[in-house]
A.B. asks: 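One structure is given below, represented as structure tokens, and several questions about it will come after.
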Amino acid sequence: MAATWQRVAAGETAIGPLVLPRTDNPPCPIAAQVLDFDANAHFTAKQLGALDRIAQFAVVAAREAVADAGFERGDPALTQADVIIGVGVGGMNTVDDSFYRIYAEQARGVHPLTVPKLMANASASQISMDLGLRGNTFAVASACASGTHALGLAFRSILHGDCDVALAGGAEACITHGTLVAWNALRILSRDTCRPFSRNRSGLVLGEGSAILVLEEWERAVARGARIYAEIVGFAGNADAGDLTSPDQHGAEMAMRRAMASAGIAPEDIDYINAHGTGTLMNDAIESRAIRAIFPGERLPLVSSTKGVLGHSLGAAGAFEALVTTLALHHQVVPPTANCTEPDEECGLDVVPEGPRQVAVRHALSNSFAFGGLNAVLAFRRHA
Amino acid sequence: MQSLDIVREIVAGQISRDPSEVTEQTNLEEAGYDSLDVLETIFAIEERFKVRVPFDANDPKLKEMKTVGDIARIVEEAIGQRAPA
């Protein structure tokens with residue numbers, strides 16, 4: 001977590017040359033991959049037989065989150081915790097490996113745990129089993145908004161008194177040759193880097209990884225002296241019921257407005273928005289219009305996209321961005337929009353292109369807008 | 001068959017019309033095209049002509065592609081370059 005924040009705050013991109021097996025000629029030469037991940041440092045060979053790369057990321061992130069939250073051993077609120085994990089694609093490496101064996105190598109069979117490795121709920125289930133968590137546990141799928149929806153549902157679960165502690169976030173590990181061919185067919189992948197809100201932006205760059213947050217009922221967290229990074233105060237999700245892949249200004253605007261309403265806060269309370277900011281021509285233009293419509297003539301909040309550093313990790317993206325937003329409130333530092341070398345005046349926003357900015361941040365929003373017309377927005381408050 | 005005729009056929013198929021109703025001047029947006037229709041059309045052209053059309057949804061020049069004739073010209077250029085599909 002600390003290393004991720006440092007990279008994001010410094011605007012040091014994790015996007016680099018693609019490393020992929022079984023292909024010499026990938027349709028896109030770059031991605032934000034977790035290249036230094038050594039699964040054997042975290043799991044036994046027996047455990048790895050049941051874990052796709054996505055669940056490996058999820059379990060490691062969940063272990064880190066729980067360790068950081070400092071629960072007492074056997075805390076009943078932890079053992080009854082909900083586990084809600086956003087997943088855009090699922091066990092894609094398992095699918096890819098298995099199909100390669102079947103179609104390319106003409107193998108007769110595949111690994112016996114192929115099904116439980118590739119299922120969408122594998123990450124949530126593996127976290128539950130690894131940490132002994134017995135609460136309401138499931139996966140959430142809303143493409144690029146999955147991580148944000150997962151955190152929003154966990155927030156509501158605690159708000160309704162269904163649980164006192166929840167582990168929520170997102171995971172993704174779908175960078176395969178087939179995935180890149182498919183994304184390339186949408187003609188929105190960048191070939192140089194991800195430059196959100198920049199006039200010379202050239203598309204999105206795929207990423208991977210997992211971010212898991214521990215959510216805890218406020219009074220309980222305060223009573224046990226937990227380290228509180230920030231407070232989640234609102235959430236809203238909605239659907240455009242329109243275009244399959246293009247974002248919708250009205251839908252995005254309504255999601256932000258409803259998230260603020262559910263938190264009981266007004267636009268003037270918002271100091272920072274972590275944008276969806278994919279770096280496509282379309283998203284950044286529409287998202288910035290939606291933001292400007294909410295703050296007409298008022299002081300605009302700072303807006304930045306952290307996808308220039310982290311890439312777009314689909315189902316994990318919203319969780320990474322919620323984590324970044326939480327840490328921005330904690331450190332009172334707004335992370336920059338990395339690679340935004342030519343801020344697009346048409347977007348009309350201060351996207352913090354120059355580097356991290358130390359400013360007072362009282363409330364913040366984190367936006368996610370997904371294929372299928374699904375929007376999700378979380379609202380956060382500083383814990384002073 | 002001229003490439004314009006094949007493009008007319010592909011565009012007509014995309015919007016469930018008869019190719020005779022589609023001309024070089026047919027405006028794609030007015031004919032009901034959205035961004036995904038454009039993507040699918042480019043893909044159909046690449047498959048049919050065995051060419052690679054340098055088409056990028058992040059390219060601001062995209063807005064210049066308004067009519068069936070504009071698509072046909074892109075195809076002619078791609079055939080001229082004959083980049084492998």
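Here is the naming used below: chain letters follow the sequence lines, and residue numbers restart at 1 for every chain.
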A.B. asks: Should we say atom CD of A:Glu346 is surrounded by more than 12 heavy atoms from elsewhere, each under 6.0 Å from it?
C.D. replies: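 Counting neighbours around CD of A:Glu346, 12 or fewer heavy atoms of other residues, nucleotides or ligands fall under 6.0 Å, so no.
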A.B. asks: Is it the case that over 12 heavy atoms from other parts of the model lie below 6.0 angstrom from the CZ atom of B:Phe43?
C.D. replies: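 Count not over threshold, so no.
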A.B. asks: Once you round to the nearest 0.5 Å, how far does CG of A:Asp243 lie from CG of B:Leu36?
C.D. replies: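 Rounded to the nearest 0.5 Å, the CG-CG separation comes to 5.5 Å.
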A.B. asks: Could you tell me which portion of A:Ser202 (side chain, backbone, both or neither) has an atom closer than 4.5 angstrom to a non-hydrogen atom of chain B?
C.D. replies: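 Just the backbone, heavy atoms under 4.5 Å.
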A.B. asks: Identify the residue among B:Asp56, B:Asn58, B:Asp59 that makes a side chain to side chain contact (heavy atoms under 4.5 Å, CB included) with A:Leu281.
C.D. replies: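 Looking at B:Asp56, B:Asn58, B:Asp59, the match for A:Leu281 under the side chain to side chain contact (heavy atoms under 4.5 Å, CB included) is B:Asn58.
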A.B. asks: B:Arg73: which residues meet the salt bridge (charged side-chain N to carboxylate O under 4.0 Å, His left out) condition with it, sequence neighbours left out?
C.D. replies: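 Only B:Glu24, B:Asp70 meet the salt bridge (charged side-chain N to carboxylate O under 4.0 Å, His left out) criterion with B:Arg73.
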A.B. asks: Hey, is CD on A:Glu12 packed in by over 12 heavy atoms from elsewhere, all under 6.0 Å?
C.D. replies: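 Enclosed.
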A.B. asks: What part of A:Asn283 lies closer than 4.5 angstrom to a heavy atom of chain B: side chain, backbone, both or neither?
C.D. replies: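 No part of it gets close to chain B.
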A.B. asks: Determine the minimum heavy-atom distance between A:Leu186 and B:Leu39, stating which atoms define it.
C.D. replies: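 Taking A:Leu186 first and B:Leu39 second, the nearest heavy atoms are O-CD2, 3.7 Å.
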